[in-house]
Amino acid sequence: MSGVKRIAGRAVVVLRSDVDTDQIIPAAWLKKVERTGFGAGLFEAWRKDPAFALNRPGAEAARVLISGPNFGCGSSREHAVWALQDFGFQAVLAPSFADIFRGNAISAGLVPAQVSDDAVARLAAVLADAPDSEVVVDVAARTVSVGAAVTESFQLAGYAQWRLIEGLDDVGLTLRHEAEIAAYEGQRPDYLPALP
Amino acid sequence: MAARLFDKVWDRHVVASPEGEPPLLYVDMHLVHEVTSPQAFEALSLTGRKVRRPDLTVATMDHDVPTIGLDEPIADPLAALQIERLAANCAEHGITLHALGSRQQGIVHVIGPQLGLTQPGMTVVCGDSHTSTHGAFGALAFGIGTSEVEHVLATQTLSQVKPAAMAVTVDGELPAGCTAKDLVLGIIRALGVGGGAGSVIEYRGAAIRALSMEGRMTVCNMSIEGGARAGMIAPDDTTFGYLEGRQHAPKGAAWERALDDWRSLVTDAGAEFDTEIRVDASALRPAVTWGTNPAQSVAIDDVVPYPEAAPTPAARQAAERALTYMNLTPGTPIRDIGVDIVFIGSCTNGRLEDLRAAAEVIRGRTVHPGVRALVVPGSAAVKAQAEQEGLDQRFIAAGFEWRSAGCSMCLGMNGDILAPGERSASTSNRNFEGRQGPGGRTHLVSPAVAAATAVAGHFAAPADL
Ligand code: SF4
């Protein structure tokens, strides 16, 4: 996985709260055995509405999604992250994220940038007037800006930020602790279940 | 220092606490299914890594399996490929698989407890958000994404930031006609759909203690619908009674040693929680969701709410959107809402106790002519036991379809779906837009209310019949 330091491109604004992963990628798409090709299913039901933000001309070039609180709630499907990435998104800005979605995003290299409710409102207001503006997400500085008009800071835990910027192999990171894992395994109680 | 149940289980699984990184947590049992695992296995083979502990990994097929015509080839080529892929991956890595057609196949969260694989004090993970179900045993159990599935396959650990601890204390006694499902829908209504985010909930109080293991699983199952990472209930004699004698439960002297340990898995007196909410069980009534998230529910005696009554502008907007999608008018009595489909099943309410409760309601009655009703047991073993008790015959005689085990209409991956505009009463856990099929409208209810609704043709409690 390659690292992500700075993201620049158009944004799409979907101001709804509690956007669940069934909306982001419906279950019918989960039958694939690959990680790619989910972009066409992104927000499949909502895209049937011609007025939906993703149908706006230019949206296909968007890199940043701005949405409401509790983004990504519901199912643990990482396919939701893959669908956003496959469409072209590299960051999602929201006042809060569902726990599993945030973890999946960080694992897969999609930046879950937590901004305040007010910041979402300010960004949305600027983009309502100038929807084709370039939005820059600086992962290292933890800021998002739209031209000179607005700059907001966002929250992203330090360890997550490091993993995203470096694009690290999580399994490789953990295997640095091989000796500790083996030692732990040596002292597990014998009554714990194990398959034959 | 006074510790919470959650701390006790967490602390005993910390493998390493590297400076500046989240702790590394050991996983005692990893449950695998066909939908969220193929990409994880593929990543393993691309990196040349092996499954570290196939003996702590168990797989089943549930999400997109057919629930009829099991003796015929699977009609959907994509589902068939996922199912084949899981079988091949399990064979290659030496993982025990309860394949479609086997006696122990079923929904992953039904078979774990049934086999005695879920025990107090364990960590249990699965590429599925309803892994929270297993917390009913005093285990720390949570859902993970596919990259984490790969991580657990390769290392048997997860790097995890420690969540906060929330107490949900349920005092009093559930009124007659109220079930664990009504209780958890009441809790989520109080909590909100994101209210538990960042937290592990411990369910406490007299009403929780009074629940059977099945009921406790129903409650913990829906923790994720309140946004929580996991739900836990301290183990007690109800837990030990359920576990004793199950296939993978400890036996003989090991059972005694395990019991000694398990009895220590309680929150110490004086331990404090980061947040606490209290719910009065005696004030609850059978619940029906009216909206498009599981927090949007009312009592069956109530009416479809007015969005103007919502506490915030955002909640009002969400309610308006939900009512439009659900095609409901505020003020309509819930009992006046007719349904097209009744679905009894899922990891929330597809266990034997749930099927018995529904079968009790339909005794001597028939499904309303305008309604299609189906029962999908949570596992092949639940199905077999129900058939031994004659429940299948009672469902069939009443006009229900009696299916084989799987997730089925809970998420509609296997072709059991609502048509656009169809309305269901469902014992599952999610009423998101399109969850049971594009354009479908889902109302979450208990098995007893689902059965009564199937008979009445509109929402009804058993006492109404
Ligand atoms: S029954 Fe539904 S919620 Fe449970 S595991 Fe299956 S799809 Fe998920």
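Worth saying up front: this structure is predicted, and the values here are computed from it rather than measured. So you know, we letter chains A, B, ... as the sequences are listed, proteins then strands, and number each from 1.
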Residues B/S159, A/L173; criterion side chain to side chain contact (heavy atoms under 4.5 Å, CB included); working and verdict: CA-CA 10 Å; B/S159 170; A/L173 283 177; over 6 Å; no
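- Neither the backbone nor the side chain of A/A98 has a heavy atom closer than 4.5 Å to any heavy atom of chain B.
- For B/E150 (side chain) and A/V171 (main-chain N/O), no donor-acceptor pair under 3.5 Å exists by modelled atom type.
- For B/R229, the parts lying under 4.5 angstrom from a heavy atom of chain A are both the backbone and the side chain.
- Contact count versus chain B (heavy atoms, under 4.5 Å) is highest, among A/F101, A/W82, A/F97, for A/W82.
- Looking at B/I224, the atoms closer than 4.5 Å to chain A (heavy atoms on both sides) all sit in the side chain, from C-beta outward.
- Among B/H130, B/M122, B/R53, the residue making the largest number of heavy-atom pairs under 4.5 Å with chain A is B/R53.
- There is no contact between B/L158 and chain A, counting heavy-atom distances below 4.5 Å.
- Applying a 4.5 Å heavy-atom cutoff, none of the residues of residues 84-93 of chain A approach chain B.
- Contacts of B/D76 with chain A are made by side-chain atoms alone, with heavy-atom separations under 4.5 Å and no backbone atom involved.
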Pair A/L195-B/T57, side chain to side chain contact (heavy atoms under 4.5 Å, CB included): steps then yes or no: CA-CA 7 Å; A/L195 283 302; B/T57 311; over 6 Å; no
Working for side chain to side chain contact (heavy atoms under 4.5 Å, CB included), residues B/M29 and A/L192: CA-CA 9 Å; B/M29 190 54 61; A/L192 287 170; over 6 Å; no
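- Ranked by heavy-atom pairs under 4.5 Å with chain A, the list B/T36, B/V193, B/I417 is led by B/V193.
- The pair B/R257-A/D190 counts as a salt bridge, with a side-chain nitrogen and a carboxylate oxygen less than 4.0 angstrom apart.
- Side-chain contact check for A/C73 versus B/E225: every heavy-atom pair is 4.5 Å or farther apart.
- Neither the backbone nor the side chain of B/A253 has a heavy atom closer than 4.5 Å to any heavy atom of chain A.
- With salt bridges taken as basic N to acidic carboxylate O contacts below 4.0 Å, none links A/K31 and B/D64.
- Of the listed residues (A/D18, A/I100, A/D20), the greatest number of heavy-atom pairs within a distance under 4.5 Å of chain B belongs to A/D20.
- Considering every non-hydrogen atom in both A/Y191 and B/P250, the closest pair reads O-CG, 3.8 Å.
- Taking chain B as the reference chain and counting heavy-atom pairs below 4.5 Å, the highest number among A/S76, A/S17, A/G68 is found for A/S76.
- If you tally non-hydrogen atom pairs under 4.5 Å between each of B/E21, B/Q156, B/H248 and chain A, the highest count goes to B/E21.
- For the set A/N70, A/T174, A/N104, the entry with the most heavy-atom pairs within less than 4.5 Å of chain B is A/T174.
- For a residue to count as touching a neighbouring chain, one of its non-hydrogen atoms must lie under 4.5 Å from one of that chain's; by this rule B/Q119 touches chain A with the side chain only.
- Contacts of B/T96 with chain A are made by side-chain atoms alone, with heavy-atom separations under 4.5 Å and no backbone atom involved.
- Listed in order of number, the residues of residues 176-188 of chain A that approach chain B to under 4.5 Å between heavy atoms are A/R176, A/H177, A/E178, A/E180, A/I181, A/A182, A/Y184, A/E185, A/R188.
- Going from atom CG of A/L175 over to atom OG1 of B/T157 covers 8.0 Å, rounded to the nearest 0.5 Å.
- The contact between B/M413 and chain A is made by backbone and side chain atoms together, counting heavy-atom distances below 4.5 Å.
- When heavy atoms are compared at a cutoff of 4.5 Å, B/V14 approaches chain A solely by way of its backbone atoms N, CA, C and O.
- Between the side chain of A/D99 and the main chain of B/A197, no donor-acceptor pair closer than 3.5 Å is present.
- Of the charged side-chain nitrogens involved, none lies within less than 4.0 Å of a carboxylate oxygen, so that B/E320 and A/R16 do not count as a salt-bridged pair.
- Contact of the A/H79 side chain with the B/Q39 side chain is registered, since non-hydrogen atoms from C-beta on lie closer than 4.5 Å.
- Contacts of B/L24 with chain A are made by side-chain atoms alone, with heavy-atom separations under 4.5 Å and no backbone atom involved.
- Considering only heavy-atom pairs separated by less than 4.5 Å from chain A, the leading option among B/E148, B/H151, B/R435 is B/H151.
- Contact of A/A194 with chain B is made through backbone and side chain together, with heavy-atom distances under 4.5 Å.
- Between chain A and the residues B/R52, B/E42, B/E34, the largest count of heavy-atom pairs under 4.5 Å involves B/R52.
- Contact of A/W29 with chain B is not made at all, since no heavy-atom distance falls under 4.5 Å.
- Both the backbone and the side chain of B/H13 come within less than 4.5 Å of a heavy atom in chain A.
- Atom CG of A/D22 is separated from atom CG of B/L411 by 7.5 Å, given to the nearest 0.5 angstrom.
- Side-chain atoms of B/S147 and A/E78 include a donor-acceptor pair closer than 3.5 Å.
- Heavy atoms of other residues, nucleotides or ligands lying less than 6.0 angstrom from NZ of B/K50 number 12 at most.
- Across B/R49, B/Q317, B/R12, the residue that shares the most heavy-atom pairs under 4.5 angstrom with chain A is B/R49.
- Counting only distance, with no hydrogens or angles, the side chain of B/R430 and the backbone of A/G74 share a donor-acceptor pair below 3.5 Å.
- With hydrogens and angles disregarded, a donor-acceptor distance shorter than 3.5 Å links the side chain of B/Q82 to the backbone of A/K32.
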Trace of the side chain to side chain contact (heavy atoms under 4.5 Å, CB included) decision for B/L81 with A/V33: CA-CA 8 Å; B/L81 177 64; A/V33 295; 4.0 Å; yes
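- Between the side chains of A/W46 and B/E433, a donor-acceptor pair is found at a separation under 3.5 Å.
- At a heavy-atom cut-off of under 4.5 Å, chain B is reached by A/D169, A/D170 from residues 160-170 of chain A, listed in order of number.
- Contact annotation for residues 111-137 of chain A against chain B (heavy-atom separation below 4.5 Å): no residues qualify.
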